[in-house]
2 protein chains.
Amino acid sequence: MNPTIHDVAKKAMVSISTVSRVVNHPQSVAPEKREKVLRVIRELGYEPNPFASGLRDRRTRTIAAIIPDITNPFYAELFRGIEDVARAQKNNVMICNTDQDESRFLEYMSYFQKKRIDGLIFVSSPVTETYREAFEDLRVPVVLAATDSEAGGWPSVTVDNYRAGYDAAMFLIKNGHEAIGMISGPLEDPIAGSPRYEGFQAALLEAGLTLTQDRVALGAYDFDSGYEAMRSLFGRSPDLTAVFAASDAMAVGASAFLLRRGIDVPRQVSVLGFDNLQLARMVTPALTTVAQPVYRMGHEAAAMLFRTLDHPLMPQESLVLPHELIVRDTVGKRN
Amino acid sequence: MNPTIHDVAKKAMVSISTVSRVVNHPQSVAPEKREKVLRVIRELGYEPNPFASGLRDRRTRTIAAIIPDITNPFYAELFRGIEDVARAQKNNVMICNTDQDESRFLEYMSYFQKKRIDGLIFVSSPVTETYREAFEDLRVPVVLAATDSEAGGWPSVTVDNYRAGYDAAMFLIKNGHEAIGMISGPLEDPIAGSPRYEGFQAALLEAGLTLTQDRVALGAYDFDSGYEAMRSLFGRSPDLTAVFAASDAMAVGASAFLLRRGIDVPRQVSVLGFDNLQLARMVTPALTTVAQPVYRMGHEAAAMLFRTLDHPLMPQESLVLPHELIVRDTVGKRN
DNA sequence: TTGTAGGCGTTATCAA
DNA sequence: TTGATAACGCCTACAA
């Protein structure tokens, strides 16, 4: 049996209220008594029982992270950023793998109704009406990571995806490419889909190039869809000299298609990725890519959530983190 | 404010004990009353407050998963297996990233000390004396996943690593290879290190081949150490025609070294991995590898833990799951 | 079969 | 500055 506040009180010969005060508001206790109580606390190894505090305060010291799938390296990395902050704050984070399934998500939400969490970090999926309503019902602070939402007004931590797409195109152009294609995420995806696509297109346009439809293919951010998208792209536009994929997994899929087809990357076709996962440096040739500060997004999002948990009134500013081009071996110079 | 047992009692015009009984021992309540209470429970959306129950019962409905790093795809996959089971059981799993750091581990343990978890799944690290003691102090059921321990007598879910190493060698031999090398994990590692190495060696011996020291290099299971190990191996034994690496990440590192050096895989040198991560099929050439049922290990371990939580006296048998050779493109036939 | 009451460990209020 | 006490919501002896 773990020691309780009563054991401490008895041994230190004070009342339980004093012990409680020492733990929660140390400065309101006379120094000598405080020291004495502190010593007993250490001797006994006393720790407040979280259920008792939870019962009273209804603060659970638990936050939830809603992510599509921890098995995906992008989310794993981001989650790690969240967990590190939570641990430092002595909080515990419940991980919720939704597999992008709304009913799965709602199941979690109803679970939280009772289980009670202090706050929630929502990662990466677009914030649909369903989600918006569920968040409002929950009545806990919400922070968005790698996604955002006009409606709702929750603070977010993101990257400037439009700008990142723009920079991706600029990089390819600077390397002398003109016949450029793109493997985009779904254009309905307001986060990693359309903005990257539009930024990319805008830069091309500025440079007097156009992104015609036969040079665009859509994927779902994973290896297989990247592979298939490249197959389709290559069938339609065999003249392409460079392709930008909106995720590293798709870029690796695209490379795989080319390589397995006997097409040299980057000599014949350059490939540019997005994310900068571990994977990017493990493949050969190593992937040149637009890096997102994935870990840091998780870290900042969690920090933001705890800030609002501690100061409910202080409004939090959304954060846009910088991206960066990581040059490796899949983009070649043209002419 | 969520409805409490009192709200239900008042509305159903019964006492709170009756409500409690309806929730916990339905058959001990008169049918009509039971129905009535059930209806009110549904109307109000009542759910018992977990803090109150926890305070009384000291069951937290939370288990912990101690893993080195969720960012590592192997652990992420295994963790997913754990989480899926826990969710089905309406439990919550705390994830503990130790980064293989004992002090980090002990920090978590002291946090758990205060009976904050019902049980624990320990993943993949060797069970040293430190860990053993900490588990015993905790006094909660422990299950080992992808690791085991002579001392302690905790049930485990593993793969037969010796046999898997043996089968890896057999596969290479059957493909006509004789000059065979290995990139092993640390030989002090009693799980994924020595057994795979020894099984591999034994099969070679049986076939009249020997695994001389210049054909062995050690790594730490990650890409970089695989890359370096291959560099070293290749320097010492340029005649090698096949290499078995004790993890996919090392195998990919080894391939990367060879490929980047202009050595054809598998035509000049074959590479065989271990794990069968997603990564294995994403690289080009796609990695031939010994598959571990990673997700399933997590799944079974969690199932086993919940079984002992529900029936504390029933002893649990350790489980050895089957491995399997996945043939892809990095192992070639010789002669 | 049902209800009453005590206790789980904590914190905040109030009085001294 | 300190201590007694009343919640917080639930569960289960025990009594009726």
Side-chain angles (χ1 to χ4, degrees), chain A residues 1-38 40-41 44-62 90-92 111-118 309-310, chain B residues 1-38 40-41 44-62 90 111-118:
Chain A
M1 201 49 226
N2 291 315
T4 73
I5 198 170
H6 287 101
D7 302 325
V8 176
K10 197 192 297 179
K11 185 151 181 195
M13 299 192 295
V14 297
S15 74
I16 60 164
S17 337
T18 300
V19 178
S20 178
R21 270 185 222 107
V22 169
V23 173
N24 299 291
H25 315 283
Q27 68 291 27
S28 76
V29 175
E32 331 159 35
K33 273 204 173 160
R34 192 196 313 155
E35 290 315 316
K36 187 168 178 187
V37 170
L38 247 20
V40 174
I41 285 181
L44 263 36
Y46 165 75
E47 294 269 0
N49 177 318
F51 285 90
S53 332
L55 183 56
R56 255 203 72 90
D57 304 348
R58 7 186 67 75
R59 178 154 182 184
T60 64
R61 310 233 153 248
T62 299
K90 308 232 167 226
N91 270 247
N92 142 9
Y111 183 64
F112 292 153
Q113 296 290 1
K114 58 182 156 170
K115 192 79 185 180
R116 303 214 177 105
I117 52 170
D118 294 338
L309 252 24
D310 292 335
Chain B
M1 203 46 230
N2 290 314
T4 74
I5 198 171
H6 287 101
D7 301 326
V8 176
K10 197 191 298 179
K11 187 152 181 198
M13 299 192 295
V14 297
S15 76
I16 61 164
S17 357
T18 300
V19 178
S20 177
R21 273 187 219 104
V22 168
V23 172
N24 299 291
H25 317 284
Q27 67 289 28
S28 76
V29 175
E32 331 158 34
K33 273 202 173 162
R34 192 195 314 155
E35 290 315 317
K36 187 168 177 189
V37 170
L38 246 21
V40 174
I41 285 181
L44 261 37
Y46 165 74
E47 294 273 0
N49 178 317
F51 286 92
S53 334
L55 183 56
R56 250 199 75 88
D57 306 346
R58 6 186 66 74
R59 179 156 181 184
T60 64
R61 309 228 155 252
T62 299
K90 310 235 168 227
Y111 182 65
F112 292 152
Q113 207 60 262
K114 319 308 161 185
K115 189 47 190 159
R116 280 171 163 121
I117 56 170
D118 294 337

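Everything quoted here is computed from the prediction, not taken from an experiment. Per chain, numbering begins at 1; letters A, B, ... match sequence-line order.
Between the P atom of D/dG9 and the CG atom of B/Leu44 lies a distance of 14 Å, rounded to the nearest Å. With rounding to whole Å, B/His6 atom NE2 is found 9 Å from D/dC10 atom C1'. For B/Arg34 and C/dT2, the CZ to P distance is 10 Å, given to the nearest whole Å. Between the CD1 atom of B/Ile41 and the C1' atom of D/dC10 there is a distance of 13 Å, given to the nearest Å. Computed from coordinates, the A/Phe51 CZ to D/dA7 C1' distance equals 19 Å when rounded to whole Å. Remark: C1' of C/dC8 and CG of A/Asp7 are 13 Å apart, rounded to the nearest angstrom. One can place CE of A/Met13 at 11 Å from P of D/dG3, the figure rounded to the nearest angstrom. Rounding to whole angstrom units, NZ of residue A/Lys36 and P of D/dT1 are separated by 18 Å.
Nearest approach of A/Pro48 to A/Ser53, heavy atoms of both residues: CB-OG, 4.4 Å.
Counting only residues at least two apart or on different chains, no salt bridge (Lys or Arg N to Asp or Glu O under 4.0 Å) pair has a member in residues 29-38 of chain A.
Judged by distance alone, with hydrogens and angles left aside, the side-chain atoms of B/Thr62 form a donor-acceptor pair with the main-chain N or O of B/Thr60 at under 3.5 Å.
Summarising the geometry, atom CG belonging to A/Leu309 is positioned 7.0 Å from atom CG belonging to A/Asn91; distances are rounded to the nearest 0.5 Å. Between the CG atom in B/Leu55 and the CG atom in B/Asn49 there is a gap of 9.5 Å [rounded to 0.5 Å]. Rounding to the nearest 0.5 Å places CG of B/Leu44 at 10.5 Å from OH of B/Tyr46.
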Extract all donor-acceptor atom pairs below 3.5 Å that involve side chains of residues 23-31 of chain A and protein atoms in other chains or at least two apart in sequence.
residue	atom	partner	partner atom	Å
A/Asn24	ND2	A/Ser20	O	2.9
A/Asn24	ND2	A/Ser20	OG	3.4
A/Ser28	OG	A/His25	O	2.9

Could you pull out every donor-acceptor pair under 3.5 Å between side chains of residues 6-19 of chain A and any protein atom, sequence neighbours left out?
residue	atom	partner	partner atom	Å
A/Asp7	OD2	A/Thr4	N	2.8
A/Lys11	NZ	A/Glu43	OE1	3.1
A/Ser15	OG	A/Ser17	N	3.3
A/Ser15	OG	A/Ser17	OG	3.4
A/Ser15	OG	A/Thr18	N	3.4
A/Ser15	OG	A/Thr18	OG1	3.4

In 5'-to-3' order, the base (B), backbone-only (S) or no-contact (-) status of each nucleotide in nucleotides 11-16 of chain D, using a 4.0 angstrom heavy-atom cut-off, is BBB---

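Mapping A/Leu55 and A/Ala30 onto DNA chain D by nearest heavy atom places A/Ala30 at the nucleotide closer to the 5' end. When each of B/Ala52 and B/Ser15 is assigned the nucleotide of DNA chain C with its nearest heavy atom, B/Ser15 is the one assigned upstream, toward the 5' end.
Put simply, A/Thr18 has a side-chain N or O that comes within less than 4.0 Å of OP1 or OP2 on D/dG3. A sub-4.0 Å separation between OP1 or OP2 of C/dT1 and a side-chain N or O of B/Lys33 is absent.
Consecutive Watson-Crick or G-U pairing (both distances under 3.5 Å) extending over three or more pairs maps onto DNA chain C as C:1-16 with D:1-16.
The side chain of A/Thr4 has C/dT10 as its nearest neighbour among D/dC10, D/dT2, C/dT10.
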